[in-house]
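First up is the structure itself, then whatever we jot down about it.
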Amino acid sequence: MIDFRLDDEYEALRKTVHDFAQSEVKPVIGDFYIREEFPYEIVAKMGEMGLFGLPVAEEYGGMGGDYFALCLALEELARVDSSVAVTVEAGVSLGAMPIYRFGTEEQKRRWLPSLCTGEALGAFGLTEPGGGSDAGATKTRATVDGDGAEWVINGSKSFITNSGTDITGVVTVTAVTGTKPDGGKEISAILVPAGTPGFTVAPKYSKVGWNASDTHELAFDDCRVPVENLLGERGRGYAQFLRILDEGRVAIAALSVGLAQGCVDECLQYVGEREAFGNKIGAYQAIQFKIADMEARVHSARLAYYQAAAKMLRGEPFKKEAAIAKLASSNAAMDNARDATQIFGGYGFMNEFPVGRFYRDAKILEVGEGTSEVQRMLIARELGLK
Ligand SMILES: Cc1cc2nc3c(=O)[nH]c(=O)nc-3n(C[C@H](O)[C@H](O)[C@H](O)COP(=O)(O)OP(=O)(O)OC[C@H]3O[C@@H](n4cnc5c(N)ncnc54)[C@H](O)[C@@H]3O)c2cc1C
């Protein structure tokens with residue numbers, strides 16, 4: 001039976017986040033964006049609402065929901081602003097989920113309660129200055145010191161979301177920890193608490209978009225953490241982040257759908273107000289067709305992520321569907337942002353209206369958590385093309 005209706009619980013969550021985004025985020029976020037300032041108060045409120053713990057079990061301080069609940073929340077947040085949405089996305093899917101999925105009981109009890117309430121933020125350091133798509137090219141190394149008590153980490157990571165805020169608690173870092181029997185790199189994931197000596201956070205980047213979110217380059221210089229900070233099994237780091245990225249792609253797809261929907265929302269209002277040549281511009285078929293195309297893109301992209309999430313929740317393989325959802329929805333976000341700014345004319349280029357922000361925020365959706373080319377590679381591989 002096919003049914004894409006949201007049940008009462010999902011719909012109540014969607015509506016709660018929708019109302020929050022419209023009343024608490026929309027009126028203020030544009031100024032944070034222009035000032036390139038991290039919105040701590042909004043993050044605290046989202047923490048109180050439980051958004052950072054949506055897919056985590058209650059025994060670890062979460063809401064006991066599922067990953068689809070997270071996606072619905074991300075869609076509603078991104079409908080208004082993507083910086084806020086990606087702060088939650090990265091905090092949950094890249095910060096908390098690796099610990100929740102692969103951590104020891106002790107690691108879960110130590111980190112998840114504060115990550116779930118938003119009192120602390122987690123980050124995931126995979127990308128390096130030398131490359132992101134080719135994760136096997138990781139150069140960061142971690143060796144066990146002489147008496148076997150500590151990992152000693154050396155290397156650097158680039159573009160890491162949530163890694164340098166006042167409330168950043170922990171960064172999961174991938175590092176080469178040895179050589180596999182086949183001669184390949186053994187990659188493991190290690191938890192590095194914020195403030196560990198030898199772990200330096202560079203000043204924030206100057207970015208094209210996501211300007212109210214937090215992104216830094218990180219350096220590890222003889223950074224020592226206890227051997228117990230290994231996340232999951234040694235040598236399983238590659239497999240772990242592939243799983244985390246598959247899930248994360250569904251989350252980024254939801255965020256992209258939110259941005260694409262936000263473009264439709266803004267345009268519907270504007271074309272009913274703006275006049276040209278004696279008519280509301282919404283009366284012109286060229287404008288109507290543009291909005292119809294935008295709506296069609298959002299609709300199909302949403303179905304793509306709902307279906308990927310449904311397979312994930314059923315425990316079925318969902319790699320191809322996640323890649324399709326991410327590819328289709330980031331395309332939809334880019335196309336809708338371009339059309340929306342065009343419909344706004346000169347005002348589309350002004351920070352006064354959200355569509356200019358949507359335009360700047362859309363581009364990264366084709367890059368982060370796997371570029372569009374990487375999504376195509378994954379889809380082709382799933383189709384048996386080698
Ligand atoms: C704002 C922001 C936040 C981010 N947050 C995080 C984070 O929290 N954690 C994290 O680990 N990373 C993060 N990233 C990094 C992001 O995931 C990478 O930028 C992305 O995976 C691409 O890697 P790259 O930038 O090294 O590009 P590259 O891998 O150098 O790719 C450059 C170009 O070459 C193409 N390409 C590469 N290989 C192939 C191939 N085989 N065939 C065809 N084309 C190819 C790519 O598609 C791309 O177009 C973030 C990035 C940004 C900008």
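Counted within 6.0 Å of CD on Glu273, heavy atoms from surrounding residues, nucleotides or ligands total more than 12; the atom is thus considered enclosed. For Met63, the CE atom is loosely surrounded, since the number of other residues' heavy atoms within 6.0 Å does not exceed 12. Heavy-atom contacts from other residues, nucleotides or ligands closer than 6.0 Å to CD of Glu382 number more than 12. Within a 6.0 Å radius of CD in Glu37, more than 12 heavy atoms belonging to other residues, nucleotides or ligands are found.
Salt bridge status for Arg110 with Glu228: absent, with no side-chain N to carboxylate O gap under 4.0 Å. Glu76 has no carboxylate O lying under 4.0 Å from a charged side-chain N of Lys15, or vice versa, which leaves the two without a salt bridge. Salt-bridge check for Arg249 with Glu369: failed, with every basic side-chain N at 4.0 Å or more from each acidic carboxylate O. In summary, Glu150 and Arg224 engage in a salt bridge, as defined by a charged side-chain N under 4.0 Å from a carboxylate O. A salt bridge links Arg338 with Asp335: at least one charged nitrogen is closer than 4.0 Å to a carboxylate oxygen. The pair Glu106-Arg109 fails the salt-bridge criterion, with no side-chain N (NZ, NE, NH1 or NH2) lying under 4.0 Å from an Asp/Glu carboxylate O. We find that Arg302 and Glu75 are joined by a salt bridge, their nearest charged nitrogen and carboxylate oxygen being less than 4.0 Å apart. Looking at Lys180 and Glu186, no side-chain N of the basic residue comes within less than 4.0 Å of a carboxylate O on the acidic one, giving no salt bridge. Under a 4.0 Å N-O distance rule, the pair Glu217/Lys157 does not qualify as a salt bridge. With respect to the salt-bridge test (charged N to carboxylate O, under 4.0 angstrom), the residues Asp265 and Arg79 qualify. Ion pair Lys326/Asp246 not flagged as a salt bridge, since none of the NZ, NE, NH1 or NH2 atoms sits closer than 4.0 Å to an Asp/Glu carboxylate oxygen.
Applying the side chain to side chain contact (heavy atoms under 4.5 Å, CB included) test to Gln22 and every residue at least two apart in sequence or in another chain returns His18, Lys26, Val80.
Looking at Met97 and Pro55, their side chains come closer than 4.5 Å, going by heavy atoms from C-beta outward.
Side chains of Asn351 and Tyr33: a donor-acceptor N/O pair is absent below 3.5 angstrom, by distance only.
Of the candidates Asn162, Leu70, Val84, Leu74, Leu74 is the only one forming a side chain to side chain contact (heavy atoms under 4.5 Å, CB included) with Glu89.
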